[in-house]
Amino acid sequence: GIQVEQSPPDLILQEGANSTLRCNFSDSVNNLQWFHQNPWGQLINLFYIPSGTKQNGRLSATTVATERYSLLYISSSQTTDSGVYFCAVDYGGSQGNLIFGKGTKLSVKP
Amino acid sequence: KAGVTQTPRYLIKTRGQQVTLSCSPISGHRSVSWYQQTPGQGLQFLFEYFSETQRNKGNFPGRFSGRQFSNSRSEMNVSTLELGDSALYLCASSIPGPQQFFGPGTRLTVL
């Protein structure tokens with residue numbers, strides 16, 4: 001089956017720093033989403049981005065489908081950005097079934 | 001619009017018992033998917049329902065089952081609980097479409 005790899009697994013930043021999180025996937029996908037899991041466990045939708053670039057405030061994401069990777073950029077990080085960031089994909093024949101990476105755990109220090 | 005709701009939020013059971021978790025999707029959404037999250041295995045797909053029919057199933061034993069009602073609400077059941085079933089169970093809804101929206105989860109502890 002399709003493999004989804006995220007890097008780095010852990011990231012510690014000082015408040016105000018920028019960061020880039022990466023998601024590689026092993027096969028063509030129909031859909032790619034980025035999520036932020038808050039300390040209480042809820043997955044918050046950040047981006048639906050099967051291809052191209054999107055921006056939402058301090059966050060932006062780029063997916064290069066032909067090269068099978070996606071990047072999540074966080075600028076001017078804040079302590080509230082702490083948590084685990086997941087990318088998830090679905091592919092042909094897996095409707096309703098998202099395959100998740102193992103996540104990047106981000107800690108932003110004041 | 002209200003988001004996805006899951007009940008209960010926390011649950012403690014003992015080995016051998018069974019448990020039922022409930023999920024109410026976003027109004028107008030007709031597809032519900034369930035996921036299990038554990039520290040060792042990460043987030044894994046359990047099953048997906050649309051129009052009261054299971055369309056897709058992950059690689060879990062038959063002790064894990066689910067159903068969907070005509071109002072799109074879904075339940076999942078785990079019978080003969082094992083210690084390894086301790087996890088965060090997440091429900092997601094979609095129209096259906098490419099985006100899934102997740103509920104707050106039910107944290108199950110099996111003692």
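Bear in mind the structure is a predicted one, so any value in this text is a computation, not a measurement. In what follows, chains are A, B, ... by sequence order, proteins preceding strands, each numbered from 1.
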Visitor: Going through the distances and angles, do B:Leu43 and A:Leu43 end up as a side-chain contact (heavy atoms from CB on, under 4.5 Å)?
Guide: CA-CA 11 Å; B:Leu43 278 150; A:Leu43 288 170; 4.3 Å; yes

Visitor: Check whether B:Ile26 and B:Tyr49 end up in the same hydrophobic cluster, where Ile, Leu, Val, Met, Phe, Trp and Tyr are linked by side-chain heavy atoms less than 4.5 Å apart.
Guide: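 Hydrophobic grouping puts B:Ile26 apart from B:Tyr49.
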
Visitor: Got B:Pro98 and A:Tyr48 here, is their nearest side-chain heavy-atom distance under 4.5 Å?
Guide: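 Contact flag for B:Pro98/A:Tyr48 side chains = yes.
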
Visitor: Are more than 12 heavy atoms from other residues, nucleotides or ligands located less than 6.0 Å from atom NZ of A:Lys105?
Guide: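 Check fails, neighbour count at 12 or below.
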
Visitor: Is a side-chain donor or acceptor of A:Gln33 paired with a backbone partner of B:Gln100 at a separation under 3.5 angstrom?
Guide: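 Confirmed, A:Gln33 side chain pairs with B:Gln100 backbone.
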
Visitor: Applying a strict under-4.5 Å side-chain criterion to I, L, V, M, F, W and Y, I'd like to know whether B:Ile95 and A:Phe47 cluster together.
Guide: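 The answer is no; the residues belong to distinct hydrophobic clusters.
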
Visitor: Just verifying a value: how many Å separate B:Gln99 CD and A:Leu98 CG, rounded to the nearest 0.5 Å?
Guide: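 Rounded to the nearest 0.5 Å, the CD-CG separation comes out at 10.5 Å.
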
Visitor: Mind listing the closest non-hydrogen atom pair of B:Gln37 and A:Phe86 along with its distance?
Guide: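 Nearest heavy atoms, B:Gln37 then A:Phe86: NE2-CZ, 3.6 Å.
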
Visitor: Kindly say whether the aromatic ring centers of A:Phe100 and B:Phe45 come within a distance under 6.0 Å.
Guide: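 Between B:Phe45 and A:Phe100, which both carry aromatic rings, the centre distance is not below 6.0 Å.
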
Visitor: For B:Leu88, which atoms come within 4.5 Å of any heavy atom of chain A: side chain, backbone, both, or neither?
Guide: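 Side chain only.
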
Visitor: At what distance, to the nearest 0.5 angstrom, does CD of A:Gln37 lie from CZ of B:Phe102?
Guide: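 Reported value, rounded in 0.5 Å steps: 9.5 Å.
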
Visitor: Would B:Val4 end up clustered with B:Leu46 when hydrophobic side chains under 4.5 Å apart are linked, directly or stepwise?
Guide: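 The answer is no; the residues belong to distinct hydrophobic clusters.
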
Visitor: Quick check: are there more than 12 heavy atoms from other residues, nucleotides or ligands sitting under 6.0 Å from CZ of B:Arg15?
Guide: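 Open.
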
Visitor: Identify whether A:Leu59 and A:Leu106 are in the same connected component of the hydrophobic contact network (ILVMFWY, side-chain heavy atoms under 4.5 Å).
Guide: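 Yes, it is one cluster - the side chains of A:Leu59 and A:Leu106 are joined through contacts under 4.5 Å.
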
Visitor: With rounding to the nearest 0.5 Å, note down the distance linking CG in A:Asn97 to CZ in B:Arg55.
Guide: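 Answer rounded to 0.5 Å: 11.0 Å.
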
Visitor: Would you give me the side-chain donor-acceptor pairs under 3.5 Å for residues 1-8 of chain A, sequence neighbours excluded?
Guide:
residue: A:Gln3; atom: NE2; partner: A:Gly1; partner atom: O; Å: 3.3
residue: A:Gln6; atom: OE1; partner: A:Cys87; partner atom: N; Å: 3.1
residue: A:Gln6; atom: OE1; partner: A:Gly103; partner atom: N; Å: 3.1
residue: A:Gln6; atom: NE2; partner: A:Tyr85; partner atom: O; Å: 3.0

Visitor: I need the A:Lys102 NZ to B:Gln41 CD distance, nearest 0.5 Å.
Guide: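 Taking NZ in A:Lys102 and CD in B:Gln41, the distance rounds to 6.5 Å.
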
